[in-house]
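Let me begin by presenting the structure, written as structure tokens, before commenting on it.
Just so it is clear, the model here is predicted, and its values are computed rather than measured.
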Amino acid sequence: MHETISLPLRLVFTDLDGSLLDHHDYGWEPARPWLERLAAAGMPVIPVTSKTRAELLPLRQALGLEQTPFIAENGAIIGLPAAWQHARLDRDPANVDELRVKVLSVDSDFLMRRLAVIRERLGVAFRCLPDMTTEAIIEATGLDAVRAGQAREREGSIPLLWDDSEAMLDAFRTLLANDDLVLTQGGRFWHVMGNIDKGRAVSWLVARLGALRGVAPWSLGLGDGPNDVALLNACDAAVLIRSMHSHPVEIDHPRLYRTMETGPRGWAEGMEHWLGQELA
């Protein structure tokens, strides 16, 4: 780790779509004042998202989060900036941008092969995002053409649109489990990956920082969907942001705040609840 950078003892882990980013236009303006306050306080905001690394890198720059780690593809991918790397376990001189990427899941090529086998075996209908046309991705997500292309660049997970019955979805989930693969529900897509989730990735990153600092950091998690439950449960305090979608979110957390507002307004509301007095 770089001696010139003091790593923090408090972390904010946040979902993006429907949480820090608006569900419809992906804006974050209502959260900007809080992002600035957290930056001034030296409290990193760490994205934990279903987005790919390709999608996330320019977004980190726009949000001013280039110096913090990130968790992509629902926990399958972790990016570690230089200051967060362990000198023996992570540092790679070949990395020109000094970003170390950890893959905690099986790779996407394997997932696509297994999904093809399962589709044929069950005779079910679903569309894998990497196989969809740019136009179809734009229609399903509201992304522009560039970001739709970035969404295709999967490394450790495959999003899919389910076009079959609930009964066949259960059979599909069972066959995935036989291969030690999991199915997670996001805001728009289902996500298939190895035996990993957002919560396990958060715990991995908290443990890594604890090893670097010699003490475990305090953590706050924010999210709005079923695939954020593991993220919230992995944190010391949590914010469940009121969602724009209808998917039920079942969570039992001893320090949970449920917002009235949605999206980045709900994100700011949750930050105010937990840190408003401290960072006034």
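Put simply, the side chain of D197 never gets that close to the backbone of A230: no donor and acceptor are under 3.5 Å apart. Judged by distance alone, with hydrogens and angles left aside, the side-chain atoms of W28 form no donor-acceptor pair with the main-chain N or O of L63 at under 3.5 Å. Proximity of a side-chain donor or acceptor of H253 to a complementary backbone N or O of L232 within less than 3.5 Å is detected. Between the side chain of S105 and the backbone N or O of G194, at least one donor-acceptor pair lies under 3.5 Å. For the pair D236 (side chain) and S219 (backbone), a donor-acceptor distance under 3.5 Å is present. Within the 3.5 Å criterion, the main-chain N or O of G225 finds a donor-acceptor partner in the side chain of D228. Between the E269 side chain and the T259 main chain, no donor and acceptor come within less than 3.5 Å of each other.
For the pair L21 and Y26, the tightest heavy-atom approach, listed with the atom from each and the gap, is CD2-O, 3.7 Å. Across every non-hydrogen atom of C235 and F13, the tightest pair is SG-CD1, 3.9 Å. Residues D252 and N233 share a closest heavy-atom pair of O-OD1, 4.0 Å. Of all non-hydrogen atoms in L209 and P217, the two that sit nearest each other are CD2-CG, 3.8 Å. Between C128 and L160, the shortest heavy-atom contact is CA-CB, 4.1 Å. Shortest non-hydrogen contact noted between V202 and A234 is CG1-CB, 4.0 Å.
Residues W190 and L129 fall into different hydrophobic clusters, defined by Ile, Leu, Val, Met, Phe, Trp and Tyr side chains chained together at heavy-atom separations under 4.5 Å. In the hydrophobic clustering of ILVMFWY residues, with side-chain heavy atoms under 4.5 Å counting as a link, W267 and M244 come out apart. A single hydrophobic cluster is not seen to contain both M132 and V124; linkage of ILVMFWY side chains at heavy-atom distances under 4.5 Å, directly or through other members, places them apart. Residue L20 is grouped with residue L279 when hydrophobic side chains (ILVMFWY) are merged at heavy-atom distances under 4.5 angstrom, including chains of intermediate members. The hydrophobic cluster containing I138 does not contain L161, counting ILVMFWY residues as joined when their side-chain heavy atoms lie under 4.5 angstrom apart, directly or transitively.
Inter-residue side-chain proximity for P248 and P226 is flagged as unmet; no heavy-atom pair is nearer than 4.5 Å. L183 places none of its side-chain heavy atoms less than 4.5 Å from the side chain of H191. Between L57 and L99, the closest side-chain pair of non-hydrogen atoms falls below 4.5 Å. Between W34 and L275 the shortest side-chain heavy-atom distance falls below 4.5 Å. Residues E29 and D22 have side chains not in contact (no heavy-atom distance under 4.5 Å, counting atoms from C-beta outward).
To the nearest 0.5 angstrom, L59 atom CG is 9.5 Å from Q150 atom CD. Interatomic distance, CG of L111 versus CD1 of I158, reported as 5.5 Å (0.5 Å rounding). K102 contributes atom NZ, which lies 8.5 Å from atom CD of Q85 (distance to the nearest 0.5 angstrom). Distance check, rounded to the nearest 0.5 Å: CG of L11 to CG of L38 gives 11.5 Å. Distance OG1/T52 to CD/E73: 6.5 Å, rounded to 0.5 Å. Atom CG of L220 sits about 11.0 Å away from atom CD1 of I46, to the nearest 0.5 Å.
Within 6.0 Å of CZ on R188 lie more than 12 heavy atoms contributed by other residues, nucleotides or ligands. By the 6.0 Å contact criterion, CG on D25 is enclosed, its count of non-hydrogen atoms from other residues, nucleotides or ligands being greater than 12. A 6.0 Å sphere centred on CD of E261 holds more than 12 heavy atoms belonging to other residues, nucleotides or ligands. Shown here is R265, whose CZ atom has no more than 12 heavy atoms of other residues, nucleotides or ligands within 6.0 Å.
Of the listed residues (L35, V239, L222), just one forms a side chain to side chain contact (heavy atoms under 4.5 Å, CB included) with M271, and that residue is L222. Partner D179 forms a salt bridge (Lys or Arg N to Asp or Glu O under 4.0 Å) with one of R121, R114, R173, R113 and no other, that one being R114.
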Stepwise side chain to side chain contact (heavy atoms under 4.5 Å, CB included) check, I71 with T49: CA-CA 6 Å; I71 296 172; T49 177; over 6 Å; no
Intermediate values then yes/no, side chain to side chain contact (heavy atoms under 4.5 Å, CB included), V249 and V229: CA-CA 7 Å; V249 180; V229 171; 3.7 Å; yes
Chi angles and distances behind the side chain to side chain contact (heavy atoms under 4.5 Å, CB included) call for M193, L181: CA-CA 6 Å; M193 63 185 67; L181 304 177; over 6 Å; no
Step-by-step side chain to side chain contact (heavy atoms under 4.5 Å, CB included) determination, L240 to I251: CA-CA 9 Å; L240 180 62; I251 181 171; 4.2 Å; yes
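Between the side chains of T68 and R60, not a single donor N or O lies within less than 3.5 Å of an accepting N or O. Side chain to side chain, S157 and R154 meet the donor-acceptor criterion of an N or O pair below 3.5 Å.
Between F172 and F126, the angle of the ring planes lies from 30° to 60°, which puts this pair in the tilted group.
Salt bridge annotation for K51-D17: present, with a cationic side-chain nitrogen under 4.0 angstrom from a carboxylate oxygen. Using a 4.0 Å cut-off between charged side-chain N and carboxylate O, D15 and K198 make a salt bridge. Between R37 and E272 there is a salt bridge, since a side-chain N of the basic residue sits under 4.0 Å from a carboxylate O of the acidic one. Classification of D163 and R127 as a salt-bridged pair holds, one side-chain N sitting under 4.0 Å from a carboxylate O. Between R53 and E155 there is a salt bridge, since at least one side-chain N of the basic residue sits less than 4.0 Å from a carboxylate O of the acidic one.
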